[in-house]
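Encoded as structure tokens, the structure appears first; notes follow it.
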Amino acid sequence: MPQIVFLPHEELCPEGTAVEAADGESVLDVALRNGIGIEHACEKVCACTTCHVYVREGYDSLAEINDNEDDMLDKAWGLDPDSRLSCQARVNGEDLVVEIPKYTINMVKENH
């Protein structure tokens, strides 16, 4: 079973963690299932950028970005070549290393 390593994040995952993920499962669902509260204001429908993450390792194993995700990513804070929306990035047989950005474009947290 693939693993996702979440790098340390000051608020959401201070120590960092490694968790198991099923093929086809989104990075966001894996995070939420393991108590890592990544923002997701649009409830996982690719209509915002609050679940933006950096896939530092394993990026090429993910399915190619579709046009909708690509358009939304243009609005994300701190965009870089490893950026994906965690609600759209699905595990595909390989381990991933994910960094959660310090900031999102949201002014307030949704507290899901």
Side-chain angles (χ1 to χ4, degrees):
M1 187 171 264
Q3 260 194 57
I4 300 179
V5 173
F6 289 95
L7 297 176
H9 180 279
E10 186 177 311
E11 293 176 24
L12 303 178
C13 188
E15 303 297 318
T17 191
V19 297
E20 290 189 348
D23 280 346
E25 194 172 16
S26 75
V27 171
L28 177 58
D29 286 337
V30 173
L32 295 174
R33 181 168 44 79
N34 287 281
I36 303 168
I38 295 175
E39 287 288 314
H40 54 287
C42 73
E43 293 300 320
K44 310 176 200 175
V45 298
C46 196
C48 73
T49 64
T50 57
C51 71
H52 167 237
V53 296
Y54 305 113
V55 182
R56 298 301 188 201
E57 292 180 24
Y59 185 94
D60 291 336
S61 71
L62 302 172
E64 195 171 317
I65 294 175
N66 65 32
D67 289 340
N68 190 31
E69 182 182 1
D70 195 36
D71 289 345
M72 290 309 303
L73 273 173
D74 286 342
K75 300 171 186 173
W77 181 91
L79 190 66
D80 83 7
D82 297 334
S83 291
R84 288 296 299 259
L85 296 181
S86 63
C87 69
Q88 301 300 302
R90 298 197 174 276
V91 176
N92 191 20
E94 289 189 29
D95 293 347
L96 303 173
V97 175
V98 173
E99 180 181 353
I100 304 166
K102 186 173 182 176
Y103 302 107
T104 72
I105 61 169
N106 268 13
M107 300 281 283
V108 296
K109 293 187 185 271
E110 299 291 326
N111 290 324
H112 290 279

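When reading the values below, keep in mind they use all heavy atoms of this one structure, side chains included, and skip hydrogens, waters and symmetry mates.
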For this session: Start with the C-alpha distance between I100 and I36, add both sets of side-chain angles, then the distance that settles side chain to side chain contact (heavy atoms under 4.5 Å, CB included), and finish with yes or no.
Result: CA-CA 10 Å; I100 304 166; I36 303 168; 3.7 Å; yes
Seminar exercise, completed: For V97, the hydrophobic cluster (side chain heavy atoms closer than 4.5 Å, chained through members) also holds V5, L7
With a 3.5 Å cut-off and sequence neighbours excluded, list the donor-acceptor pairs that the side chains of residues 16-26 form with protein atoms.
from: D23; atom 1: OD1; to: G93; atom 2: N; distance (Å): 2.6
from: E25; atom 1: OE1; to: A22; atom 2: N; distance (Å): 3.0
from: E25; atom 1: OE1; to: R33; atom 2: NH2; distance (Å): 2.9
from: E25; atom 1: OE2; to: R33; atom 2: NE; distance (Å): 3.1
from: E25; atom 1: OE2; to: R33; atom 2: NH2; distance (Å): 3.0
from: S26; atom 1: OG; to: D29; atom 2: N; distance (Å): 3.0
from: S26; atom 1: OG; to: D29; atom 2: OD2; distance (Å): 3.2

For this session: Please report the shortest heavy-atom distance between E10 and P14, naming the atom on each side.
Result: O-CG, 3.7 Å
Exercise. Atom SG of C48 and atom CD of E43: how far apart are they, to the nearest 0.5 Å?
Worked result: 9.0 Å
Problem set entry | CG/D74: more than 12 non-hydrogen atoms of other groups inside 6.0 Å | yes
Problem set entry | Point-to-point distance, once rounded to the nearest 0.5 Å, from CZ of F6 to CG of L12 | 10.5 Å
Problem set entry | Side-chain (S86) to main-chain (C51) donor-acceptor, under 3.5 angstrom | yes
Exercise. Considering residues at least two apart in sequence or located in another chain, which fulfil the side-chain contact (heavy atoms from CB on, under 4.5 Å) criterion with A47?
Worked result: C42, V45
Exercise. Residues in side-chain hydrogen bond (donor to acceptor under 3.5 Å, both in side chains) with E69, at least two apart?
Worked result: R84
Exercise. Got a second to check how far T50's OG1 is from K44's NZ, nearest 0.5 Å?
Worked result: 11.5 Å
Problem set entry | Reference residue C46; test side chain to side chain contact (heavy atoms under 4.5 Å, CB included); the match among D71, L73, N68 | N68
Seminar exercise, completed: For D70, the side-chain contact (heavy atoms from CB on, under 4.5 Å) test, sequence neighbours excluded, returns I65
Exercise. How far does CD1 of I38 sit from CG of L85, to the nearest 0.5 angstrom?
Worked result: 11.0 Å
Exercise. Minimum heavy-atom separation for A89 to L62, with atom names?
Worked result: CB-CD1, 4.0 Å
Seminar exercise, completed: The complete set of side chain to side chain donor-acceptor pair (under 3.5 Å) pairs with one or both residues in residues 51-65, sequence neighbours excluded, reads H52-S83, R56-D80, R56-D82, R56-E99
Exercise. For the residue pair L32 and G37, what are the closest heavy atoms and their distance?
Worked result: CD2-CA, 4.1 Å
